[in-house]
Student: 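Dumping the structure here so I can ask a few things about it.
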Amino acid sequence: MSGRIDFQSQLNPQQLRAVQHVEGPVLILAGAGSGKTRTITHKIAYLIDRQYSLPDQILAVTFTNKAATEMRERVEQLLQHLSIPPLVSTFHSFGVRVLRRHASRIGYSSNFTICDKDDQKRLLKQIYGELGFKDEYLPLAKTHSVISRAKNQGWAPDEYLKNSRDFDSESIHQVFSRYDEYLRKSDAADFDDLILLTVKLLQEHADIRNRFCDRYKYILVDEYQDTNAPQYELVKLLTSRHQNISAVGDEDQSIYSFRGADITNILRFEEDFSGAEVIKLEQNYRSTQNILDAATAVVSNNLSRKEKVLWTAEQAGEPISLYAANDAREEALFVARRVRQHLDSGVSGIAILYRTNFQSRQFEEIFRMFSIPYRLVGGVSFYHRKEVRDSLAYLRIARNPEDNISLERILNAPPRGIGRVTRDKLRRLADEKSLSLWGALQHSLRENLFPARAHLVLKTFSELVERFRPALDLPLHLALETILDKSGYLEAFRNEASESNDNRVLNIQELIAVARDYSGDEGSLQSFLDQAALYSELDEFDSGADVTLMTLHNAKGLEFPVVFLAGCEEGLFPHSRAIEENDLEEERRLCYVGLTRAQKKLYLSYCRRRRFFGRETDELNEPSRFLSEIPAKLLDSSWGQSGQMVRSQSNQPAFLSSQALRSPAKPKKAYTGKTYNSVESIKAALGARSGRSGLVSGALIVHDKFGKGKILKVEDTGTDLKITVQFPGRGIKKLLQSFAKLKLL
DNA sequence: GAAGTGTTAAATCGC
DNA sequence: TTAACACTTC
């Protein structure tokens with residue numbers, strides 16, 4: 001049966017052309033909100049429905065699990081009697097899928113471990129220790145990002161050295177080589193390797209490459225502007241026989257150059273794939289005219305872009321509101337009040353977007369105060385919690401004790417008497433004998449290489465691990481439960497009752513519950529571990545939620561009736577690092593992405609002052625330059641209640657017309673100028689929260705003849721208060737004691 | 001080796 | 001501000 005779906009009635013002429021372009025390469029250049037994903041989803045359906053292809057001959061690649069899931073579901077909706085689904089996958093999970101089958105061809109086992117950022121950092125730290133490198137001379141964070149960047153270019157350590165003239169490149173090269181070697185020896189791959197190794201496999205083994213080429217006759221790539229060199233290479237390899245590639249992208253939405261995304265991939269598509277047709281989608285179905293005009297006005301300040309004319313059939317809609325807050329708290333209060341109003345009038349689907357994750361905190365606090373339910377995307381996600389990661393490491397070790405990275409994690413968690421000395425000795429032994437850590441442990445037990453006490457704890461540990469294996473025959477969740485039980489890992493948290501330990505236990509129980517969903521399938525252990533490793537924060541996003549907090553990067557591809565774009569200040573957005581490195585065009589694209597998330601109503605806000613590390617900035621923040629790029633006529637002239645009113649005048653951007661934006665004198669804290677007689681009263685006045693008893697630290701400032709100092713400790717001697725104060729002076733910190741009834745400023 | 005205490009660094013964006 | 005770390009003591 002063919003031709004059941006009426007594509008013509010569901011798509012506009014351009015979209016239809018893109019969908020019906022079946023043979024050969026096509027590039028779909030689409031503006032924001034023009035139905036990119038919709039178009040390729042329909043294309044998948046079209047290929048199947050019109051019998052150009054069997055479902056499993058289609059491979060669609062996206063960047064997030066979220067997008068993949070959505071696309072899969074929509075295809076299923078369109079084609080209701082689909083027995084085999086097409087493969088819709090992220091680049092990374094596609095890599096995993098290929099490698100799990102064929103890893104042996106390039107020297108890995110099919111059970112290789114996926115190593116995430118946290119594992120990478122641990123490993124780098126270990127290598128620093130071995131090489132005697134110090135973080136203060138060569139920041140580990142820098143090394144990490146340089147290595148990842150190099151890998152995203154497709155460079156091996158030696159190629160990196162050749163291509164880089166940095167002062168530190170020799171040192172980094174040393175770390176990089178050792179790091180790669182260690183991963184290889186540990187049968188482990190980091191995220192970048194998932195792509196690199198897949199490319200290597202397909203390059204070196206023509207038989208496998210040809211098999212995949214014939215298998216997937218139609219390749220579709222979403223967000224093509226975000227592909228980096230290895231991903232581009234992968235696409236080239238997969239399409240090397242049949243050039244049936246459909247790439248969808250928007251160069252104005254390229255916001256991932258920091259992870260190697262190369263905007264030239266999309267710009268030179270026509271050269272790369274000869275005979276490529278280019279189709280533009282310029283009608284926007286998402287936003288009002290005002291919002292679209294604002295976004296277009298901003299992004300047209302970029303020089304390196306192709307002109308696209310986005311238009312909409314929508315009305316002008318409401319003007320865009322701009323709010324200048326004195327600080328982040330006020331900004332959050334403004335947002336919370338408006339959110340409440342929208343919720344009360346029945347609007348749902350509100351997003352609060354910001355540049356950096358730390359901004360979420362203030363919103364969370366205020367939203368809880370207002371009892372506004374919200375979803376936070378990002379932050380410390382479930383799968384990044386220590387207890388969850390440790391539990392997964394236990395599971396990996398049960399299956400394969402040779403997994404060095406996991407063994408390092410659980411060796412002494414919970415504490416079982418295997419300390420630094422013993423661990424170092426094991427590592428050295430493993431290195432000398434070219435053994436895994438587990439191998440070294442076995443070897444040293446046989447040869448009696450450790451003193452009695454260490455020998456005993458290692459033997460106990462070894463026997464423990466041996467006892468894990470039989471548990472793997474149980475259904476997955478029971479296996480996990482049994483292993484955690486035997487290991488004493490759960491027990492250790494239960495024994496020491498505290499709020500955080502209770503949470504840990506709950507998280508582990510939650511993990512066991514997730515494992516239950518995987519139980520029973522063939523290969524359930526592997527797919528459970530893979531999904532945990534490739535899990536991303538965006539996966540938590542629930543499009544049904546009323547209010548969502550997330551970063552601008554996470555918001556790409558999503559839309560909301562109401563959007564708040566917070567923190568529009570120079571230094572924050574555009575970010576100071578971007579200003580330094582002259583990456584303003586990418587920041588501007590990010591702004592474009594943010595603005596175009598809004599369907600009906602858009603709010604912009606910024607703070608004149610903002611706190612970093614508990615410290616207030618000295619000078620007032622400049623409003624973001626992007627605000628001044630929005631034509632004043634699109635902006636609202638009325639303002640929220642608690643901030644100062646800013647009126648827009650004819651052609652001036654709203655914020656420029658307001659002169660007296662200086663923040664009023666800060667209200668004095670309730671505790672200043674008073675005299676306190678007890679520890680408790682000081683603590684109460686400060687609202688100080690500190691785990692350590694009798695200690696008040698932090699923002700409290702005392703004033704005496706030595707100047708201003710920070711209170712470190714307050715002890716009640718019965719008659720007096722003994723207060724330890726730290727006075728910073730020329731880099732040297734003097735510790736003094738002063739007594740009782742101190743006046744606090 | 002573990003626990004407790006003091007010091008200091010930190011936070012752009014993410015698979 | 002907090003959290004990781006480094007150092008000391010038991």
Side-chain angles (χ1 to χ4, degrees), chain A residues 62-68 89-96 114-117 120-121 125 135-136 139-141 145 148 151-152 190-195 223 226-228 230-231 255-261 353-362 377-381 384 386 412 414-423 453-454 457 496 533-539 550-556 567 571-581 583 586-587 589-590 593-594 610-616 687-692 695 697-700 710 712-713 724 726 733 735:
Chain A
T62 64
F63 277 82
T64 63
N65 288 325
K66 174 81 192 157
S89 162
T90 63
F91 271 102
H92 289 87
S93 49
F94 178 72
V96 171
I114 301 170
C115 187
D116 69 9
K117 198 165 165 175
Q120 287 178 301
K121 289 239 162 107
K125 192 172 278 176
D135 188 75
E136 48 189 312
L140 200 142
S145 83
S148 181
K151 285 189 151 194
N152 281 326
D190 63 23
F191 283 142
D192 304 324
D193 287 336
L194 296 179
I195 314 293
E223 308 282 13
D226 288 336
T227 49
N228 62 25
Q231 286 161 339
I255 54 173
Y256 281 108
S257 72
F258 69 91
R259 67 177 189 209
L353 308 180
Y354 36 78
R355 179 64 173 81
T356 66
N357 267 310
F358 83 95
Q359 290 169 258
S360 68
R361 211 154 142 201
Q362 195 65 250
V377 176
V380 183
S381 85
H384 290 125
K386 183 178 177 298
N412 203 33
R416 44 172 73 92
I418 306 175
R420 205 188 76 230
V421 179
T422 309
R423 176 182 297 224
R453 204 172 114 189
V457 289
E496 202 187 325
L534 296 177
Y535 181 86
S536 105
E537 272 128 20
L538 192 59
D539 297 353
M550 66 171 103
T551 62
L552 284 161
H553 282 86
N554 268 325
K556 186 153 89 161
L572 190 61
F573 187 39
H575 195 272
S576 50
R577 288 276 285 270
I579 298 174
E580 277 165 35
E581 289 160 22
D583 258 347
E586 177 143 324
E587 293 287 298
R589 290 192 290 267
L590 189 57
V593 168
R610 191 180 288 277
R611 224 172 246 274
F612 287 95
F613 311 129
R615 212 178 298 161
E616 199 104 312
R689 283 167 293 127
S690 171
R692 292 170 199 171
L695 189 141
S697 67
L700 177 55
K710 187 167 113 178
L712 288 182
K713 203 174 192 174
T724 311
Q726 185 179 42
K733 281 155 194 165
L735 270 179

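Proteins get letters first, then strands, A, B, ... in listed order; numbering begins at 1 in each.
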Student: Using a cut-off of strictly less than 4.0 Å, decide whether A:Asn152 has a side-chain nitrogen or oxygen near OP1 or OP2 of B:dG14.
Tutor: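 The answer is no; no side-chain N or O of A:Asn152 sits under 4.0 Å from OP1 or OP2.
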Student: Check the distance between B:dC15's C1' and A:Ile195's CD1 and give it to me in whole angstrom.
Tutor: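 The distance from CD1 of A:Ile195 to C1' of B:dC15 comes to 8 Å, rounded to the nearest Å.
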Student: Mind checking A:Arg453 for me? I need base, sugar-phosphate or nothing, with any heavy atom below 4.0 Å counting as a touch.
Tutor: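 Sugar-phosphate contact only - A:Arg453 comes under 4.0 Å of backbone atoms but never of a base.
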Student: Taking CG from A:Leu572 and C1' from B:dT12, how many angstroms apart are they, rounded to a whole number?
Tutor: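 These atoms are roughly 9 Å apart.
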Student: Under 4.0 Å, counting only non-hydrogen atoms across every strand here, what does A:Phe63 touch: a base, just sugar-phosphate, or nothing?
Tutor: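 Sugar-phosphate only.
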Student: How many Å lie between CD on A:Gln359 and C1' on B:dC13, as a whole number?
Tutor: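 Distance check: A:Gln359 CD to B:dC13 C1' gives 12 Å.
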Student: From the options B:dA11, B:dT12, B:dG14, select the nucleotide whose nearest atom is closest to the side chain of A:Lys117.
Tutor: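 Closest nucleotide among those given: B:dG14.
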Student: Rounded to whole angstrom units, what separation is found between the CZ atom of A:Arg610 and the P atom of B:dA11?
Tutor: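 Nearest whole value for this atom pair: 17 Å.
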Student: Determine whether a donor-acceptor pair (N or O, by modelled atom type, separation under 3.5 Å) exists between the side chain of A:His553 and the backbone of A:Ile255.
Tutor: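 Yes.
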Student: Do A:Ser148 and A:Ser145 have a side chain donor and acceptor closer than 3.5 Å?
Tutor: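 Judged by distance alone, the side chains do not pair up.
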Student: What is the separation between atom NZ on A:Lys125 and atom P on C:dC5, rounded to the nearest whole Å?
Tutor: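 Result: 4 Å.
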Student: Of the listed nucleotides (B:dG1, B:dC13, C:dT2), which one gets closest to any side-chain atom of A:Thr551?
Tutor: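 Selected nucleotide: B:dC13.
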Student: Verify the stacking flag for A:His92 against B:dC15: centroid separation must be under 5.5 angstrom and the ring planes must differ by under 30 degrees.
Tutor: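 Here A:His92 fails the 5.5 Å or the 30° condition.
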Student: So if I take every side-chain heavy atom of A:Glu587 and compare against B:dC15, B:dA2, B:dT12, which nucleotide ends up nearest?
Tutor: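 Among the listed nucleotides, the one closest to the side chain of A:Glu587 is B:dT12.
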Student: Mind checking A:Tyr256 for me? I need base, sugar-phosphate or nothing, with any heavy atom below 4.0 Å counting as a touch.
Tutor: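 Sugar-phosphate contact only.
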Student: Give the rounded distance in Å between these two atoms: CZ of A:Phe358 and P of B:dA10.
Tutor: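 After rounding, the gap between these two atoms is 15 Å.
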Student: Salt bridge or not between A:Arg577 and A:Glu580? Use side-chain N to carboxylate O under 4.0 Å.
Tutor: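 No, A:Arg577 and A:Glu580 are not salt-bridged.
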Student: Report the relative orientation of the aromatic rings in A:His92 and A:Phe191; use parallel for angles under 30°, tilted for 30 to 60°, perpendicular for over 60°.
Tutor: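 Ring orientation of A:His92 relative to A:Phe191: perpendicular.
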Student: Please state whether the phosphate of B:dG1, meaning OP1 or OP2, lies under 4.0 angstrom from any side-chain nitrogen or oxygen of A:Thr422.
Tutor: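 It does, given that an N or O in the side chain of A:Thr422 lies less than 4.0 Å from OP1 or OP2 of B:dG1.
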Student: Heavy atoms only, 4.0 Å cut-off, all strands: where does A:Asn65 land among base, sugar-phosphate and nothing?
Tutor: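 If one applies the 4.0 Å heavy-atom cut-off, A:Asn65 turns out to touch nothing in the nucleic acid.
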Student: What's the CG-P distance between A:Asn228 and B:dG14, to the nearest Å?
Tutor: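 Answer to the nearest Å: 16 Å.
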Student: Roughly, in whole Å, what's the span from CG in A:Leu140 to P in C:dA4?
Tutor: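 The answer, rounded to whole Å, is 15 Å.
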Student: By the 4.0 Å heavy-atom rule, please label A:Asp192 as base, sugar-phosphate, or nothing.
Tutor: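 Answer is nothing: A:Asp192 stays at 4.0 Å or more from every strand.
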Student: Quote, to the nearest angstrom, the P distance that separates B:dA11 from C:dA6.
Tutor: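 Rounded to whole Å, the distance is 16 Å.
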Student: Checking A:Phe612 against A:Phe358 for the ring pair (Phe, Tyr, Trp, His ring centres under 6.0 Å) test, could you report, in this order, the C-alpha distance in whole Å, the side-chain angles of both residues, the deciding distance, and whether it holds?
Tutor: CA-CA 10 Å; A:Phe612 287 95; A:Phe358 83 95; 5.6 Å; yes
Student: Has A:Phe258 got its ring stacked on the base of B:dG14, with centres under 5.5 Å and planes less than 30° apart?
Tutor: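 No; by the centre-distance and plane-angle rule, A:Phe258 does not count as stacking on B:dG14.
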Student: Between A:Ser93 and B:dC15, is there a contact of a side-chain N or O with OP1 or OP2 at under 4.0 Å?
Tutor: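 For A:Ser93, the contact criterion (side-chain N or O under 4.0 Å from OP1 or OP2 of B:dC15) is not met.
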Student: So, is A:Ser536 near the phosphate of B:dC15, with a side-chain N or O under 4.0 Å from OP1 or OP2?
Tutor: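 For A:Ser536, the contact criterion (side-chain N or O under 4.0 Å from OP1 or OP2 of B:dC15) is met.
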Student: Do A:Lys151 and A:Asp190 sit within salt-bridge range, that is, some charged N less than 4.0 Å from a carboxylate O?
Tutor: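 The answer is yes: the pair qualifies as a salt bridge.
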Student: Map A:Arg416 and A:Asn357 onto DNA chain B by nearest heavy atom, then report which one ends up closer to the 5' terminus.
Tutor: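 Residue closer to the 5' terminus by nearest nucleotide: A:Arg416.
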